[in-house]
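Starting from 1, each residue takes its place in the sequence as its number.
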Amino acid sequence: MNAADDKTIVKEYFNSTGFDRWRRIYGNGEVNKVQLDIRNGHQQTVDKVLGWLKADDNLAGLSICDAGCGVGSLSIPLAEAGAKVYASDISEKMVEEGKQRASLTLKNPENLTFAIQDLETLSGNYHTVICLDVLIHYPQEKADTMISHLCSLAQSRIILSFAPKTCALTILKKIGSFFPGPSKATRAYLHREADVVKILEKNGFVVQRQSMTRTRFYFSRLLEANRK
């Protein structure tokens, strides 16, 4: 399977069965134990990023690109804190869900712009570029190009999370076994941290903060890199 096929599958998945599943996972309603574990893990990653950015005490007016925003779990609180957020996702349904959630939360919706867009076609210039839990859909050779592209959009900082290439692969396969048949999740690609750091450094960034989120069924390495 090539990268183009992966992209098509991801787009179709998150506009069909995947949308309903992940909308529930990223929501507050009842889900099964595996989905609840993934919800909690993802939220921990989001909370860590919010904690880092709020600790810097300069969110008001900061331009941020949330690449692969999903239903706006990170974009909405960032906009609520005063940042100017450009949020994009490959899934039209995810973006529409994000817009609805933002309309119920934000007093100043002008801080948040949603767009249906894949990572490859993102353009512009932002103080900070964030891409959480998206690289799992990209094979290594495609991830290299994608990370470099995201770096080119970032004036000062890039924040990435990815599933590290460790024994966790076994856990991912176990997750897949809970979703048999046509509704099975997309392929999951793990990435070596050393490779990701090398790409960031090649593009003029150095890792400043890092963290690891690990639950029973969710694991994600989080890196914040600043431009040298």
Has the side chain of [X] got a donor or acceptor atom that lies under 3.5 Å from a matching backbone atom of [Y]?
X	Y	value
Ser161	Leu222	no
Asp66	Ala87	no
Asp89	Glu92	no

[X]: salt bridge (charged side-chain N to carboxylate O under 4.0 Å, His left out) partners, not counting sequence neighbours:
X	value
Glu12	none
Lys54	none
Asp56	Arg157, Arg209
Asp195	Arg192

Those residues that, when tested against [X], pass side-chain hydrogen bond (donor to acceptor under 3.5 Å, both in side chains) (two or more places apart):
X	result
Asn203	Ser148
Asn226	none
His149	none
Gln208	none

* If two hydrophobic side chains count as joined below 4.5 Å and joins carry through other members, does Val129 share a cluster with Met146? -> yes
* Asked: Does the side-chain hydrogen bond (donor to acceptor under 3.5 Å, both in side chains) test come out yes or no for Ser63 and Tyr86, once each step is laid out?
  -> CA-CA 8 Å; Ser63 63; Tyr86 182 83; over 6 Å; no
* Asked: Are the aromatic rings of Tyr26 and His42 close, with centres under 6.0 Å apart?
  -> yes
* Less than 6.0 Å separating the ring centroids of His137 and Phe14? ->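 Aromatic pair counts; centres sit under 6.0 Å.
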* Could you work out the complete set of other residues in the hydrophobic cluster of Leu104, with links drawn between I, L, V, M, F, W and Y side chains under 4.5 Å apart? =>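 None; Leu104 is a cluster of one.
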* To do: Considering only Ile, Leu, Val, Met, Phe, Trp and Tyr, and joining two whenever side-chain heavy atoms are under 4.5 Å apart, list the other residues clustered with Val31.
  => Leu36
* **From CA spacing to verdict: side-chain contact (heavy atoms from CB on, under 4.5 Å), Thr128, Ile158** => CA-CA 6 Å; Thr128 298; Ile158 182 167; over 6 Å; no
* According to the salt bridge (Lys or Arg N to Asp or Glu O under 4.0 Å) rule, which pairs have a member within residues 127-139, sequence neighbours left out? ->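 Not a single pair qualifies under salt bridge (Lys or Arg N to Asp or Glu O under 4.0 Å).
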* Asked: What pairs meet the salt bridge (Lys or Arg N to Asp or Glu O under 4.0 Å) rule with one or both residues in residues 24-48, with sequence neighbours excluded?
  -> none
* Gln210 and Arg221: side-chain hydrogen bond (donor to acceptor under 3.5 Å, both in side chains), yes or no, with the steps? -> CA-CA 8 Å; Gln210 51 195 292; Arg221 185 64 165 161; 2.5 Å; yes
